[in-house]
Amino acid sequence: MFLSWQNWQKNSALRWVVGVAITFFFLCLGLTLHRYFSFYASYDQGIFNQVFWNSSHGRLFQSSLSSALSTNVVHQGEFPNVSYHRLGQHFTPALLLWLPLYVLFPSPVTLTVLQVTLITVAGLVLYILARQYLEPPLAAFITVSFYAANAVIGPTLSNFHDICQIPLFMFTALLAIEKRWWWLFWVCAVLILMVREDSGIILFGVGVYLILSRRYPVQGVLVCLLSFGYILALTNFIMPLFSADISERFMMERFGQYADGEEASTLEILWGIVSNPGRLIVELFTPFWGTLKYLLGQWLPLAFIPAIAPASWMIAGFPLLKLFMAKGESVLSITIRYALTVVPGLFYGTILWWGNRQKQLQDKFNLQLNPEAGEISESKVVLPSVKFRRFWLFCIGLSLFFSFTSNPNRTLYFIIPDSIDPWVYIPVTTQWSHVAQFRPLLAEIPPDASVATTTYIVPHLSSRREILRFPLYQLRNDAGEVISVEYILADLWQLQKYGVAFSGDRNSLKEITQRIEQLTDNKEYGIIDFRDGVILMKKGVPSQPEAVKNYTSFLAKS
């Protein structure tokens, strides 16, 4: 039995989408797993793994790694605490959805697989969403654009992060609107709010769209009230119960330019914005070229259609506004997690724009077939012009090119140099040889021992209660006592390699070697092993002469 032309076209588009999704999944998974096992996954991967590990042992959202970043430690000089609740920094109860999976497979690798899976499935839901308005070929074009977007590839090739849940929840919520499955929409709305304390901004854009489009104004008002009220209640009353980080650190780091004192609540920041619109306008448009470059990067895989799609501005405009209002270089980086918050609105707005355009073309086509009778003929597939489709494919290819040549999160360190002048490039054989030489040092650290280690080793040792990023080495344990960790493991080789071009690595190497000198001089720690630029120290033991000799020789060559 032969398929009709329409069914063949539908099945062909679906096969194409599934094929691209499978390619995306295995390519991203392979790259992120390689990044992890070659010791390029970094601090945030360790934070989330420790949060999951503690939660799986009944200590929900506790993390000594997060505590080291808290205002109590950074600004007040207190010691990191193993019982610190990360909910004071970021309110992320949606992570509990995936806790049963982590209990079955307790490893940082589980989080990597989860992230790639969530993004891949989100693309498939996007295709179903696009099919509510578009013919299969055009829906497939939009889905392929998603998998080729720099704002999708970059965050997927990063450490695990909570925002990786947003595309799936948002696309499902938007699909529920189209199907009028309001029960599913409200479930997704709650899940979106649970992702992070600021994800209500994304949901607020959906509410604004429902109101301005006049599709479902009542639901839109409810969505706006829910999201805005949730953000205010959460950041002003609930999160401060866990710590003062939201007002003393995170608000000030991102939006301190709108505040007058050394701390500010979200209400005070909002008042600072409203009362000084001139400052807001300056922040929105500076740096001008950086802002424009960011927008072009977000629009590129969709052939710049979001720039003229009203719904894209309605929904994505609010997370964009948040990014443009904030300070810091990371907010305008399209390869890190914040970029994902903008993606759902841009793609949904593009679907609606093409849906309207396709309907106009379809009506015109049908009228041309039957200009007098006014009869509607059998539906024909109306696609963008051949010239535009070629341009769109060019944009998709260009987006892929920028995605990989930007070497997001150093995932492609073994292909793309991190610096040209001075030259910094670590071949894959060199890195894996380095890993093979120092991996036995990790085995010398008991799984329940307290440890301090450098950034890229943190994820591999984070499945424990007491861990810090060196040069921090003291923390407050469950008994409330300040202790020094039992083991210190530091990769000086990697810092030395990157310190040639990057001041951050250079300064870290200097700070770490000074701390090692301090701890060995007062005999608090002894150097028990040193291999290929990686030092292992243990508290309360004498140094091994051969290890000291190797360490001294390494420093002399640095």
Side-chain angles (χ1 to χ4, degrees), residues 13 16-17 20-21 24 119 122-153 155 166-179 202-203 205-206 208-210 212-213 215 292 294-321 323 334 339-362 381-385 387-400 402-403:
W16 176 246
V17 166
V20 171
F24 175 88
I119 299 296
L124 297 176
V125 176
L126 172 63
Y127 176 75
I128 299 172
L129 175 61
R131 285 288 291 116
Q132 306 309 303
Y133 286 92
L134 308 176
E135 296 291 348
L138 190 49
F141 254 94
I142 289 178
T143 307
V144 172
S145 299
F146 172 82
Y147 288 124
N150 202 346
V152 173
I153 294 174
I166 286 292
L168 177 59
F169 293 162
M170 275 289 291
F171 288 144
T172 305
L174 295 169
L175 177 62
I177 291 174
E178 300 302 336
K179 294 289 190 180
I202 310 169
L203 189 63
V206 176
V208 170
Y209 161 73
L210 294 177
L212 296 182
S213 65
R215 294 184 64 186
L292 180 60
Y294 183 84
L295 287 172
L296 293 176
Q298 288 278 12
W299 298 335
L300 177 61
L302 290 166
F304 304 101
I305 294 299
I308 58 174
S312 289
W313 286 105
M314 293 179 200
I315 301 176
F318 288 93
L320 274 173
L321 182 64
L323 293 176
I334 202 170
L340 269 180
T341 62
V342 182
V343 167
L346 297 182
F347 276 79
Y348 183 60
T350 301
I351 290 170
L352 296 179
W353 189 90
W354 276 114
N356 292 330
R357 179 67 174 164
Q358 185 174 261
K359 185 176 184 302
Q360 293 170 4
L361 293 173
Q362 183 71 67
V381 177
V382 180
L383 289 174
S385 67
K387 186 179 294 186
F388 188 85
R389 275 179 277 167
R390 288 174 179 170
F391 173 70
W392 195 347
L393 287 172
F394 171 77
C395 290
I396 290 174
L398 198 60
S399 180
L400 284 170
F402 288 143
S403 297

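All values derive from a computational prediction rather than experimental measurement.
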Residues that Arg215 engages under salt bridge (charged side-chain N to carboxylate O under 4.0 Å, His left out), provided they are two or more places apart
Glu178

Residues Leu134, Ile142; criterion side-chain contact (heavy atoms from CB on, under 4.5 Å); working and verdict
CA-CA 10 Å; Leu134 308 176; Ile142 289 178; 3.4 Å; yes

What I'd like to find out is whether the side chain of [X] reaches to under 4.5 Å of the side chain of [Y], using heavy atoms alone.
| X | Y | answer |
| --- | --- | --- |
| Met170 | Val206 | yes |
| Ile119 | Pro167 | yes |
| Val342 | Leu323 | yes |

Out of curiosity, [X] [atom1] to [Y] [atom2], how far, rounded to the nearest 0.5 Å?
| X | Y | atom1 | atom2 | value |
| --- | --- | --- | --- | --- |
| Arg357 | Leu138 | CZ | CG | 11.5 Å |
| Gln132 | Ile351 | CD | CD1 | 9.0 Å |
| Phe24 | Thr143 | CZ | OG1 | 12.5 Å |
| Leu320 | Phe318 | CG | CZ | 11.0 Å |
| Ile177 | Thr172 | CD1 | OG1 | 11.5 Å |

Closest non-hydrogen atom pair between [X] and [Y], with its separation:
| X | Y | answer |
| --- | --- | --- |
| Ser399 | Asn150 | OG-N, 3.4 Å |
| Ile334 | Pro155 | O-CD, 4.2 Å |
| Leu124 | Tyr147 | N-OH, 3.3 Å |
| Ile166 | Leu340 | CG2-O, 4.5 Å |

Kindly determine whether Leu129 and Leu175 satisfy side-chain contact (heavy atoms from CB on, under 4.5 Å), including the steps that lead there.
CA-CA 5 Å; Leu129 175 61; Leu175 177 62; 4.2 Å; yes

Verify side-chain contact (heavy atoms from CB on, under 4.5 Å) between Leu400 and Ile153, making sure each step is shown before the conclusion.
CA-CA 9 Å; Leu400 284 170; Ile153 294 174; 3.7 Å; yes

Intermediate values then yes/no, side-chain contact (heavy atoms from CB on, under 4.5 Å), Tyr348 and Tyr209
CA-CA 11 Å; Tyr348 183 60; Tyr209 161 73; 3.8 Å; yes

Among all residues two or more places apart in sequence or in another chain, which pass the side-chain contact (heavy atoms from CB on, under 4.5 Å) test with Ala140?
Ala13, Trp16, Val17, Tyr127

Should we say atom CZ of Phe388 is surrounded by more than 12 heavy atoms from elsewhere, each under 6.0 Å from it?
yes

Show me, pair by pair, the donor-acceptor contacts under 3.5 angstrom made by side chains of residues 295-312, not counting sequence neighbours?
from   : atom 1 : to     : atom 2 : distance (Å)
Gln298 : NE2    : Tyr294 : OH     : 3.1
Gln298 : NE2    : Ala339 : O      : 3.3
Ser312 : OG     : Leu346 : O      : 3.1

Applying ring-ring contact (aromatic ring centres under 6.0 Å, His included) to Phe146 and not counting sequence neighbours gives Phe171, Phe347

Taken in chain and number order and not counting sequence neighbours, the residues that satisfy ring-ring contact (aromatic ring centres under 6.0 Å, His included) with Tyr133 are none

Quick note, side-chain hydrogen bond (donor to acceptor under 3.5 Å, both in side chains) partners involving residues 388-397, not counting sequence neighbours, are Ser145-Trp392

